[in-house]
Protein chains: 2
Amino acid sequence: MTDMDERFYKIGEVSEMLGIEQHTLRYLENNLKLKIKRDERSDRIYSESDIETLKLVLKLKEKGLNTTAIKLALENAEETEETGMATRTNNTDLVELVSVARKIVEQNEELLKQNKNMEKRMEKLEEKIERRNEEREKKVQEFLDLWKSEQGSKNKSWLSKLRGK
Amino acid sequence: MTDMDERFYKIGEVSEMLGIEQHTLRYLENNLKLKIKRDERSDRIYSESDIETLKLVLKLKEKGLNTTAIKLALENAEETEETGMATRTNNTDLVELVSVARKIVEQNEELLKQNKNMEKRMEKLEEKIERRNEEREKKVQEFLDLWKSEQGSKNKSWLSKLRGK
DNA sequence: CTGCACCTGACAACAAATTATCAAATGTAT
DNA sequence: ATACATTTGATAATTTGTTGTCAGGTGCAG
């Protein structure tokens with residue numbers, strides 16, 4: 001819980017690490033209803049904890065449990081993980097933990113707000129750039145047209161016209 | 001729990017009661033390592049509790065558990081029966097902690113998503129600017145080309161005029 | 001002795017779970 | 001353009017789990 005592990009593995013790597021085929025990984029994901037995250041390309045990305053889970057799954061498979069049973073076992077494991085902390089920590093620790101967690105939540109809320117602000121700013125920036133581009137575009141185009149037409153008709157002093165404008 | 005547990009059933013009866021074939025009962029006995037008593041003739045005799053166990057087994061089978069899993073489940077069932085299984089203390093704190101933790105995870109996921117979106121948008125913005133620049137570049141180039149050709153043919157002196165200004 | 005209800009073990013038949021393979025599509029990098 | 005690592009879905013092949021059947025045995029009641 002202390003480790004915010006940002007390391008993610010792709011299916012090929014996991015397959016290598018655990019010695020099971022990719023299609024088996026996908027099969028397990030479907031059957032056990034594991035929720036493996038995806039990246040922008042919707043490729044699976046496995047977190048360390050996912051891999052721990054998979055290791056457990058493999059052990060249970062070794063023991064001869066079918067996926068239905070493993071599913072239940074995983075639920076239990078999660079529960080005992082949660083409750084396991086209670087048996088090991090006394091109340092004061094727990095209270096402290098909760099308060100720290102609360103702080104994190106606050107911070108996260110702050111971050112969320114900031115992100116939203118940034119998004120808004122981005123939008124404005126996009127608009128601005130868009131407008132500016134169009135303007136420039138227009139000007140250059142105008143100028144070019146003007147000059148072209150000038151060329152086409154006569155060779156009057158386009159420069160003076162420009163000046164006049 | 002009472003001492004009036006002396007009622008025993010033979011395999012035929014049990015088969016009738018539970019609606020499963022005799023050979024299936026034998027199969028389950030072997031596979032689940034149930035310890036069914038025998039009488040003098042070494043015929044199986046099923047106690048009420050054996051039948052309860054079998055009912056449980058059937059339920060678990062319905063759920064899709066294989067015999068290996070059911071074996072484990074039976075062990076667990078016995079344990080919780082024996083110990084009476086005191087339910088968790090500190091439940092409230094724990095529940096709260098878990099719920100807060102869940103929130104954190106959710107928020108983090110949200111943050112991650114937002115960040116990714118922003119990144120994408122940034123990239124797109126960059127591309128856009130790039131494209132615009134290129135276009136403009138082209139137009140200016142066009143203009144310059146025209147200008148040059150103009151210079152080549154007539155108006156030699158426009159440059160000096162421009163300088164003069 | 002015969003029939004019945006049970007026993008065992010081996011094996012066949014079926015069902016379900018698991019693993020493997022294929023085709024088509026996508027995005028990325030060289 | 002090509003190669004590569006993914007994705008999904010469908011389907012085949014294989015393994016494992018479960019149920020059914022068969023061929024003998026034992027004991028005992030009628």
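Side-chain atoms are counted along with the backbone in the values below, which use heavy atoms only and exclude waters and symmetry mates.
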Over all strands shown, is B:Arg44 touching base, sugar-phosphate only, or nothing at heavy-atom distances under 4.0 angstrom? sugar-phosphate
Reading nucleotides 15-21 of chain D from 5' to 3' and marking B where a protein heavy atom lies under 4.0 Å of the base, S where only the sugar-phosphate is that close, and - otherwise, the string is --SBBBB
What's the CG-P distance between A:Asp39 and C:dG27, to the nearest Å? 12 Å
Gap between atoms CD and C1', on B:Glu13 and C:dA5 respectively (whole Å): 11 Å
Electrostatic pair A:Asp39:A:Arg41 at N-O distance under 4.0 angstrom: no
Under 4.0 Å between a Lys/Arg side-chain N and an Asp/Glu carboxylate O for B:Glu29 and B:Arg38? yes
For side-chain contact (heavy atoms from CB on, under 4.5 Å), just list the numbers for A:Lys10 and A:Arg44, CA-CA rounded to whole Å, side-chain angles, deciding distance to a tenth of an Å, and then say yes or no. CA-CA 6 Å; A:Lys10 278 182 289 182; A:Arg44 290 169 178 79; over 6 Å; no
State, with a plain yes or no, whether a side-chain heavy atom of B:Val14 is found less than 4.5 Å away from one of B:Leu25. yes
Between the opening five pairs and the closing five pairs of the helix from C:dC1-D:dG30 to C:dT30-D:dA1, how far apart are the helix axes, to 10°? 10°
Nearest-Å distance, CG (A:Leu58) to C1' (C:dT19)? 14 Å
Rounding to an integer number of Å, can you tell me how far B:Ile36 CD1 sits from C:dC6 P? 14 Å
Would you mind reading off the distance between B:Lys37 atom NZ and C:dC6 atom P, rounded to a whole angstrom? 19 Å
Whole angstrom value for the distance that separates P of C:dC7 from CZ of B:Arg38: 6 Å
Mind checking if B:Gln22 touches a base, just sugar-phosphate, or nothing, with heavy atoms under 4.0 Å? sugar-phosphate
Just the rounded figure in Å: distance from P of C:dC7 to CG of B:Asn30. 11 Å
Tell me whether B:Lys55 is salt-bridged to B:Glu52, with the criterion being a basic N under 4.0 Å from an acidic carboxylate O. yes
D:dA5 P sits how many Å from A:Glu16 CD, rounded? 11 Å
Side-chain donor-acceptor pair under 3.5 Å between B:Glu21 and B:Tyr27, yes or no? no
Kindly say if B:Arg26 contacts the phosphate of C:dA10, meaning a side-chain N or O under 4.0 Å from OP1 or OP2. no
Should we say atom CD of A:Glu13 is surrounded by more than 12 heavy atoms from elsewhere, each under 6.0 Å from it? yes
Can you find a side-chain donor-acceptor pair between A:Asp50 and A:Thr53 that sits under 3.5 Å? no
Out of curiosity, B:Tyr46 OH to B:Ile36 CD1, how far, rounded to the nearest 0.5 Å? 5.5 Å
